[in-house]
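We count residues from 1, following the sequence as given. Treat the numbers as computed from the prediction; the structure is a model and nothing was measured.
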Amino acid sequence: MTTSTSTMPIFKRRESDVRSYCRGFDTVFTSARNAEMTDAQGRTYIDFLAGCSSLNYGHNDPDMKAALVDYIMDDGVAHGLDMHTGAKGAFIETFETHILKPRSMDHKLMFVGPTGANAVEAAIKIARKSTGRTNVIAFTNGFHGVTQGALAATGNSYHRGGAGAPLSGVTRLPYDGYMGKDVDTADLLEQMLLDASSGLDAPAAILLETVQGEGGLNAASGPWVRRIAELAKKHGALLIIDDIQAGCGRTGSFFSFDDMDVQPDIVTMAKSLSGFGLPMGLVLVRADHDVMGPAEHNGTFRGNNHAFVTARVAIEKFWSNDTLKTDIKRRAKLIEDGLKTIADMVPGAYLKGRGMMRGVDVGSGDLAGAICAEAFENGLIVETSGPNDEVVKILAPLTIEDGTLAKGLDILIQAAAAKTETTKIAAE
């Protein structure tokens, strides 16, 4: 290993300025286990970022690691395009048994390029081909990726500005709660769909996250999501739920919509799907909308067999019973209690999110950033989200030990106390 300190110049000298997370966490990480990362100095940090929810089961889960090592040592196929392999077949059977059948889902599995954005691109293409329409309805503060099609459905102006080209084919409407608690924004959507002069082109799809990860942890209610699903069906649009960040247990169950009594036409998945942090993208599409021809949407690395191996183990280990679901519920309460302590320190602050996808809106991106920076100095990796980065966002591994979670929350609370006091003194 040649990089031994956080001041190694190679990153600044040769890595593009597009790099982002490393700017806030200026050290060289060398190893990791479950909810902790260790740097080249031997200092250990508690990880409340978890690869932006790509490591829901923590770093280097021992069972996934053992299965992957055995597979590699047996010369298992690493790259298979979309050819049939034993690893892929085993994953599909496991996914069918533990995820699809218990939910009476008839969805086909479409393996795509190994990113969430690619899954969204595929989902939009499927909806347009299936319906013969082009317009996609997306929502304020939604984030679906930074490739052209996914970016058109993304609300964030900073990311949209990076496109360098017009972003079209999407109509954006207000998300649940965007107009305040007393306004049901589904009423506006319904009225516009019914009014032939509203200017809203008939949609191919309605695309949403049940919890908006990058948009600030805005959580839609079950009744609102059901209403959107009903409107989509009534008006001939496909319902696409983007479960890339909110899925794989992050909000409490495998899918973020499990307790909402909805059956999406399409579900996009990535991030923690492989279980081990390995790249893997997937689109679940109902059989009657499986309309893409051979290779009409493809990707050279849609056959990452190493990811199939670890994904199978993840589902067998964590979703064949309710043990993890129970653990998530308990840990979510610990996170909620910790965030309430922070909210009580900051005038006007309030909690956001659901399950173990939680945060506290402190009303200022500067304050939220200062809290996260202070926390990092004291051994905690935690990030912000929201339109102005005003939400301190916790995405700890779902498998984090209770004691480690409590220690991380204590660091965060102390950081919030220190920076809130500093802000008060500056204001005086």
Side-chain angles (χ1 to χ4, degrees), residues 20-21 23-25 46 48-50 52-53 139-143 154-161 172 174-183 185 209-221 224 245-246 250-251 332-378 380-396 405 408-428:
S20 61
Y21 289 110
R23 296 176 186 273
F25 310 120
I46 295 171
F48 274 15
L49 180 59
C52 196
S53 203
F139 294 92
T140 51
N141 289 309
F143 186 92
T154 291
N156 185 281
S157 61
Y158 174 80
H159 291 288
R160 289 174 65 82
R172 199 169 322 281
Y175 190 73
D176 190 21
Y178 187 78
M179 306 298 293
K181 294 181 180 180
D182 297 328
V183 177
T185 59
E209 305 156 274
T210 66
V211 181
Q212 297 183 318
E214 301 308 302
L217 297 179
N218 308 305
S221 69
W224 186 85
Q245 187 170 145
R250 177 53 59 184
T251 61
K333 182 62 169 60
L334 296 175
I335 293 171
E336 182 178 345
D337 290 345
L339 291 175
K340 282 181 178 177
T341 300
I342 295 174
D344 289 342
M345 299 177 190
V346 183
Y350 60 99
L351 272 58
K352 303 187 74 176
R354 183 157 58 88
M356 287 182 70
M357 190 174 182
R358 298 303 298 270
V360 56
D361 187 324
V362 296
S364 161
D366 289 340
L367 177 56
I371 291 171
C372 291
E374 177 75 9
F376 181 66
E377 289 297 317
N378 291 291
L380 176 69
I381 301 168
V382 63
E383 256 286 6
T384 63
S385 76
N388 300 297
D389 296 319
E390 69 276 19
V391 178
V392 177
K393 175 184 178 184
I394 295 179
L395 294 175
L405 177 59
L409 288 169
D410 186 55
I411 293 172
L412 189 60
I413 290 167
Q414 291 183 36
K419 293 305 174 181
T420 301
E421 183 61 29
T422 299
T423 300
K424 288 179 179 177
I425 291 172
E428 294 172 355

Between [X] and [Y], what is the shortest heavy-atom contact and its length?
X	Y	answer
Ala246	Val211	CB-O, 4.3 Å
Ala375	Ala415	N-CB, 3.7 Å
Ala50	Ala396	CB-C, 4.4 Å
Leu334	Leu409	O-CD1, 3.4 Å
Thr185	Pro174	OG1-O, 3.2 Å

How far does [atom1] of [X] sit from [atom2] of [Y], to the nearest 0.5 angstrom?
X	Y	atom1	atom2	answer
Cys372	Phe25	SG	CZ	7.0 Å
Thr384	Asp389	OG1	CG	4.0 Å
Thr420	Glu374	OG1	CD	11.0 Å
Ile394	Leu405	CD1	CG	7.5 Å
Trp224	Thr210	CH2	OG1	10.0 Å
Glu390	Asp361	CD	CG	5.0 Å

Does [X] reach the main-chain N or O of [Y] with its side chain, forming a donor-acceptor pair under 3.5 Å?
X	Y	result
Thr140	Tyr175	yes
Arg160	Thr154	yes
Lys352	Arg358	no

Point to revise | Residue of the set Val346, Ile342, Leu217 for which side-chain contact (heavy atoms from CB on, under 4.5 Å) holds with Val360 | key: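 Result: among Val346, Ile342, Leu217, Ile342 is the only option passing the side-chain contact (heavy atoms from CB on, under 4.5 Å) with Val360.
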
Are [X] and [Y] close enough that some pair of their side-chain heavy atoms sits under 4.5 Å apart?
X	Y	answer
Glu209	Gln245	no
Leu367	Lys419	yes
Pro387	Asn141	yes
Val382	Leu49	no
Phe143	Ser385	no
Leu395	Phe48	no

Exercise for review: Report the C-alpha distance between Leu412 and Val392 in whole Å, list the side-chain angles of each, state the deciding distance to 0.1 Å, and finish with yes or no for side chain to side chain contact (heavy atoms under 4.5 Å, CB included).
Suggested key: CA-CA 9 Å; Leu412 189 60; Val392 177; 4.0 Å; yes

Point to revise | Residues in side-chain contact (heavy atoms from CB on, under 4.5 Å) contact with Asp337, at least two apart in sequence or another chain | key: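 Applying side-chain contact (heavy atoms from CB on, under 4.5 Å) to Asp337 gives Lys333.
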
Review point. Do the charged groups of Glu383 and Lys393 touch, with an N to O distance under 4.0 Å?
Key: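 Salt bridge between Glu383 and Lys393, a charged N being under 4.0 Å from a carboxylate O: no.
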
Exercise for review: Mind running side chain to side chain contact (heavy atoms under 4.5 Å, CB included) on Lys340 and Leu351 for me, showing each step along the way?
Suggested key: CA-CA 7 Å; Lys340 282 181 178 177; Leu351 272 58; 3.7 Å; yes

